[in-house]
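Scroll down for the structure; my scribbles are underneath it.
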Amino acid sequence: MPSATPGGTAEIPFTATVPRKATPGDYVSGLLTSLKQPDDAEGINVDRRLGIKVRLRVSGALEPALAVEDAHVSDDGTAAPFGRGNATLTYTVHNTGNAAVAARQAAELTVPLGWFAAHAAPPKDPPELLPGQRWKVSVPATGVTLSFALTAKIILPRSSPTPPARHRPSRR
């Protein structure tokens with residue numbers, strides 16, 4: 001078992017075996033370290049553990065791809081014709097490719113012919129998403145004219161075009 005002196009370092013080799021049928025793309029694994037230290041004052045041993053993330057890439061064709069899923073617009077409703085209120089655009093960013101991807105995103109809400117523009121907060125960019133990972137997004141908008149149908153436009157670079165989310169206003 002390798003060891004290191006306090007304040008020192010130790011090089012600990014390890015081997016990763018890639019299965020023969022592994023498909024190309026990015027994978028994540030981890031190493032777990034453990035340090036047991038006696039605590040003489042309490043008469044117990046303390047086991048300190050540290051996880052270390054290991055990223056692996058299986059060579060071959062990389063196909064980075066992001067998709068927008070489950071897009072939905074909800075509003076707080078208003079009884080006043082042409083009244084303004086608040087709306088929330090929610091959707092999920094899904095990494096459908098085989099490579100880790102990070103992307104900046106933008107979203108907007110509009111009504112027919114671009115009248116009565118809504119003021120949507122810029123969405124928070126998702127972290128780097130591993131293949132298969134999903135990230136839920138919520139975009140609040142104010143000053144929305146709720147008497148008209150709203151159209152959401154979600155822009156994700158490196159993603160395939162998705163049909164716009166459509167919303168009919170609720171009446172209260």
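- The minimum heavy-atom distance linking P131 with A100 is given by the pair CD-N, 4.1 Å.
- Of all the heavy atoms in A67 and T96, the pair that sits closest is CB-CG2, 3.9 Å.
- Partner Y91 forms a side-chain contact (heavy atoms from CB on, under 4.5 Å) with one of E69, Q105, H72 and no other, that one being Q105.
- Nearest heavy-atom pair, S138 versus T88, reported as atom, atom and distance to 0.1 Å: OG-CG2, 3.3 Å.
- Residues L50 and L32 do not share a hydrophobic cluster, defined by chaining ILVMFWY side chains whose heavy atoms lie under 4.5 Å apart.
- Under the 4.5 Å side-chain heavy-atom criterion for Ile, Leu, Val, Met, Phe, Trp and Tyr, V137 and V73 are members of the same hydrophobic cluster.
- Applying the salt bridge (Lys or Arg N to Asp or Glu O under 4.0 Å) rule to R20 yields no partners; only residues at least two apart in sequence or on another chain are considered.
- Nearest heavy atom pair, residue A61 against residue N98, reads O-ND2, 3.1 Å.
- Side chains of L156 and V68 form a contact here, defined as non-hydrogen atoms less than 4.5 Å apart.
- When every heavy atom of S59 is checked against every heavy atom of P24, the shortest pair comes out as O-CB, 3.6 Å.
- At least one side-chain heavy atom of D26 sits less than 4.5 Å from a side-chain heavy atom of R55.
- Scored by the side-chain contact (heavy atoms from CB on, under 4.5 Å) test, P127 finds L129, W135 as partners (sequence neighbours excluded).
- For the side-chain contact (heavy atoms from CB on, under 4.5 Å) with R134, the qualifying choice from V93, N95, T92 is T92, the only one to do so.
- With a 4.5 Å cut-off on side-chain heavy atoms, V139 and I154 do not count as touching.
- Across D47 and S34, no two heavy atoms sit closer than the pair OD1-OG, 2.5 Å.
- Separation of atoms NZ (K136) and NE2 (H94) is listed at 11.5 Å; rounding is to 0.5 Å.
- Contact check for S74 versus T90: no side-chain heavy atoms found under the 4.5 Å cut-off.
- With hydrophobic clusters built from ILVMFWY side chains whose heavy atoms lie under 4.5 angstrom apart, V28 does not share a cluster with V58.
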